[in-house]
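Here the structure is a predicted model, which is why all the values come from computation and not from measurement.
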Amino acid sequence: GSEAAEEQGQEEEAEDRLKEHMDNLLDKSAKTRQAALQSLRLAFSSKTLSEFLLERRLTLTDSLEKCLKKGKGEEQALAGTVLTLLCLQMGSGPEGEELFRSLKPLLISILTDSTANPSTRQSCATALGMCCYIAAADLE
């Protein structure tokens, strides 16, 4: 019994940290946003969090969109990576498709912007390709 309670406590603590990182994506400080993106990248790549993310996907999508639009260089590249991982977590269902459809125009515009940071463009290209592979309902 106490092991299950301890595990439950650890999971709640982890979810609280994730919520904090998601809140930090909207911070005024670029350093804070980058640290939050790095933490989310680590969390999304090390554990299946679909249930947790399902409820928060719209908020997270908006935050990532802001990081991609207003951020610079490293922040944008990290946002593209986190977006790819979010798409992987959402899978090929309607949620993943919705995520892809909403951010596809932004990813394409960054990718085709010759003045954008090369690592940002590369990250957006990867996000576009992976999300398209996983979640695009339209075969074209």
Side-chain angles (χ1 to χ4, degrees):
S2 68
E3 275 184 35
E6 189 176 314
E7 197 173 300
Q8 175 82 26
Q10 287 175 342
E11 196 161 310
E12 285 173 13
E13 200 176 295
E15 285 184 3
D16 287 343
R17 279 196 307 273
L18 282 172
K19 289 176 194 168
E20 190 179 315
H21 297 316
M22 289 165 69
D23 289 343
N24 286 343
L25 290 178
L26 300 174
D27 198 272
K28 287 198 186 315
S29 161
K31 242 185 184 133
T32 302
R33 290 192 308 269
Q34 271 184 274
L37 285 165
Q38 287 171 330
S39 297
L40 290 172
R41 179 184 65 188
L42 185 65
F44 292 3
S45 60
S46 60
K47 189 174 184 194
T48 303
L49 300 160
S50 345
E51 291 285 319
F52 174 82
L53 292 172
L54 210 53
E55 302 165 16
R56 296 163 182 83
R57 72 183 187 284
L58 298 176
T59 307
L60 189 52
T61 303
D62 286 347
S63 299
L64 289 172
E65 185 175 355
K66 285 181 178 116
C67 289
L68 283 168
K69 282 182 178 175
K70 297 181 175 138
K72 300 279 183 260
E74 178 72 13
E75 180 182 345
Q76 289 177 306
L78 279 166
T81 302
V82 172
L83 177 62
T84 303
L85 294 168
L86 177 61
C87 194
L88 281 166
Q89 292 271 352
M90 291 293 97
S92 61
E95 295 84 7
E97 188 184 330
E98 180 187 349
L99 170 75
F100 173 62
R101 195 174 42 246
S102 70
L103 289 177
K104 180 180 165 191
L106 177 59
L107 290 172
I108 290 172
S109 92
I110 293 171
L111 182 60
T112 56
D113 177 2
S114 60
T115 63
N117 179 308
S119 67
T120 299
R121 291 175 72 191
Q122 184 266 328
S123 179
C124 287
T126 301
L128 192 62
M130 286 297 290
C131 293
C132 183
Y133 180 72
I134 294 164
D138 183 6
L139 292 177
E140 286 182 41

Salt bridge (Lys or Arg N to Asp or Glu O under 4.0 Å): which pairs involve [range], sequence neighbours left out?
range            : result
residues 72-94   : Arg33-Glu75
residues 112-129 : none
residues 34-61   : Arg57-Glu98

| query | For Lys66 and Leu25, what are the C-alpha separation, side-chain angles and deciding distance, and is it a side chain to side chain contact (heavy atoms under 4.5 Å, CB included)? | reply | CA-CA 9 Å; Lys66 285 181 178 116; Leu25 290 178; over 6 Å; no

| task | Start with the C-alpha distance between Ile108 and Leu128, add both sets of side-chain angles, then the distance that settles side chain to side chain contact (heavy atoms under 4.5 Å, CB included), and finish with yes or no. | result | CA-CA 8 Å; Ile108 290 172; Leu128 192 62; 3.8 Å; yes

On a heavy-atom basis, which atom in [X] and which in [Y] lie closest, and how many Å separate them?
X      : Y      : answer
Ala116 : Ile110 : CB-O, 3.9 Å
Leu68  : Gly80  : CD2-N, 4.0 Å
Ser123 : Ala77  : OG-O, 2.6 Å
Ile134 : Cys87  : CG2-O, 4.1 Å
Cys67  : Gln76  : O-CG, 3.6 Å

Measure the [atom1]-[atom2] distance between [X] and [Y] for me, rounded to the nearest 0.5 Å.
X      : Y      : atom1 : atom2 : answer
Leu107 : Thr112 : CG    : OG1   : 10.5 Å
Tyr133 : Phe100 : OH    : CZ    : 14.0 Å
Glu65  : Thr61  : CD    : OG1   : 8.5 Å
Arg101 : Lys104 : CZ    : NZ    : 10.0 Å
Ser63  : Leu26  : OG    : CG    : 4.0 Å
Ser39  : Asn24  : OG    : CG    : 8.5 Å

| Can any side-chain N or O of Thr126 pair as donor or acceptor with the backbone N or O of Gln122 at less than 3.5 Å? | yes

| request: Check the pair Glu20 / Asp23 against side chain to side chain contact (heavy atoms under 4.5 Å, CB included), numbers first and verdict last. | output: CA-CA 5 Å; Glu20 190 179 315; Asp23 289 343; 5.5 Å; no

| Between Glu15 and Lys19, is the closest basic N to carboxylate O distance under 4.0 Å? | no

| remark: Between Leu40 and the options Leu86, Leu49, Leu64, Leu60, the side-chain contact (heavy atoms from CB on, under 4.5 Å) test singles out Leu60

| query | Should Leu83 and Leu54 be regarded as members of a common hydrophobic cluster, given that ILVMFWY residues are connected when their side-chain heavy atoms come within less than 4.5 Å of each other, either directly or indirectly? | reply | yes

| Just checking, is any N or O donor in the side chain of Gln8 or Glu12 under 3.5 Å from an acceptor N or O on the other one? | yes

